[in-house]
Amino acid sequence: EAESIRIVAMEDGNKTLRLLVGNDAHGGYLAPWLDVGRAIQQVRTVSRFPQITIIPDGSCLQVRVPGRGITVLDLTLQ
């Protein structure tokens with residue numbers, strides 16, 4: 001699973017981190033756990049998928065990414 005996930009992170013300097021989480025697998029969905037190294041206050045989904053609320057657990061979160069697709073998230077850090 002890990003070899004199929006690609007992540008790009010961009011920080012704006014105002015406690016916001018944008019994550020682009022890609023899934024290179026040709027199969028179905030992957031749901032990796034990500035640890036950003038700082039406590040997460042809020043997660044906002046920028047892309048159309050997933051449409052469920054993502055609840056962070058400290059500095060970690062789990063996100064579902066479609067096969068050959070990408071999920072874009074904005075994280076507000078504490």
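Owing to the predicted nature of the structure, the values given are computational and were not obtained by experimental measurement.
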Considering all heavy atoms, the nearest Ser59-Asp35 contact: OG-OD1, 2.7 Å
Separation between CG of Asp12 and CG of Leu17, rounded to the nearest 0.5 Å: 8.5 Å
Single-linkage hydrophobic cluster Ile54~Val36, side-chain heavy atoms < 4.5 angstrom: yes
ILVMFWY network linking Leu77 to Leu34, side-chain heavy atoms under 4.5 angstrom: yes
CD1-CD1 distance between Ile7 and Ile70, expressed to the nearest 0.5 angstrom: 10.5 Å
Met10 with Val46, same ILVMFWY side-chain cluster at under 4.5 Å: yes
Side chain Ser47, main chain Thr71, donor-acceptor under 3.5 Å: no
Non-hydrogen atoms of Val65 and Gly22 that approach each other most closely: CG1-C, 4.0 Å
Exceeds 12 heavy-atom contacts within 6.0 angstrom, atom CG of Asp24: yes
Expected output: side-chain Gln78 to main-chain Gln41 donor-acceptor under 3.5 Å: no
Same apolar cluster: Leu20 and Ile40, side chain cutoff 4.5 Å: no
Shortest non-hydrogen contact between Arg48 and Gln51, atoms and distance: O-CG, 3.2 Å
Common cluster, Phe49/Val72, ILVMFWY with side-chain heavy-atom separation under 4.5 Å: no
Euclidean distance, Arg64 CZ relative to Thr45 OG1, rounded to 0.5 Å: 13.0 Å
Which atom of Trp33 lies closest to which atom of Cys60, heavy atoms considered: CE3-CB, 4.1 Å
Donor-acceptor contact below 3.5 Å, side chain Asn23 vs main chain Ala25: yes
Distance, nearest 0.5 Å, that separates CG of Leu19 from CD of Glu11: 10.5 Å
Spacing of CG belonging to Leu73 relative to CD belonging to Gln42, to within rounding of 0.5 Å: 11.5 Å
Closest heavy-atom pair and its distance - Ala31, Gln62: O-NE2, 2.9 Å
Separation between CG of Leu75 and NZ of Lys15, rounded to the nearest 0.5 Å: 14.0 Å
